[in-house]
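Below: the structure, in structure tokens.
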Amino acid sequence: MLRVLCSAATAVVLLLAAALPVWAEFVLPPLPYAPEALEPAIDATTMTIHHDRHHGAYVANLNGQIKANPPLAKLSLDALQGQISRFPVAVRNNGGGHWNHSQFWAVMAPPGQGGEPSPELLSAINASFGSLQAMQTQFSQAAAARFGSGWAWLIRTADGALAITSTANQDNPLMDLPEIERGAPLLGLDVWEHAYYLNYQNRRPDYISAWWDLVNWNEVNTRFSAAA
Ligand code: MN3
């Protein structure tokens, strides 16, 4: 009897699910490497919690905003960033969080597997900063100086120059907001405490310094070519 009741309940749930409108939901991308692949710079536990729980929550919360904001269902994650000013702050925070973390996993690679800046990218870096090392120093300073939670970015601006900028919370350089220095993001670093606290506690500069070993220059090269 109980089994029959359970089957009937399952059938009702399935029927109800089939009757609901189909939303185009945002999806949490898998990590492109094993959680332990970025050690020792970033430990496996931090990677698992950061990806599965933090990034997962941004995706779930963004999907939770679709019903109240129907245009979300028709926008790509990329397109959303450029018109974020149309939406409430929950979409800004969670839509930004989803975009920012999706790029973050992709601009990292296991130590020794990230390649090098292409001649074209290196030439642009030299033109804007003087040297690769000078760019890295300026980027690291922006990352260390971001008060509270946020991100540091290497961007390509509309005039073709490269620049370093930083954003608060889950904002990013694609967002159409007055306080944002806009440009095509080539490289973004998460400096929220959840990104490093287990291993580094309050030592954010140590995390930033170790993180350079993980940069996936192959991905940065691709973004630079696409933005040019
Ligand atoms: Mn994060």
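Nothing fancy with the numbering, it's 1 onward along the sequence. When a ligand or atom number is given, it counts from 1 through the structure's own listing order.
- Between Arg92 and Glu179 a salt bridge is recorded (basic side-chain N to carboxylate O distance below 4.0 Å).
- Contact of the Ile164 side chain with the Phe129 side chain is registered, since non-hydrogen atoms from C-beta on lie closer than 4.5 Å.
- Here side chain to side chain donor-acceptor pair (under 3.5 Å) pairs that include residues 123-132, with residues two or more places apart or in two chains, number zero.
- No continuous path of ILVMFWY side-chain contacts below 4.5 Å connects Leu72 to Val27, so the two sit in separate hydrophobic clusters.
- Under the side chain to side chain donor-acceptor pair (under 3.5 Å) criterion, the residue pairs touching residues 73-83 are Asp78-Trp99, Gln81-Asn172, Gln83-Arg86, with sequence neighbours excluded.
- Residue Leu198 is found in a hydrophobic cluster whose other members, listed by chain and number, are Ile49; membership requires side-chain heavy atoms under 4.5 Å apart, directly or through intermediates.
- Only protein N, O or S atoms were considered, and those under 2.8 Å from the Mn ion (ligand 1) are His50 NE2, His101 NE2, Asp190 OD2, His194 NE2.
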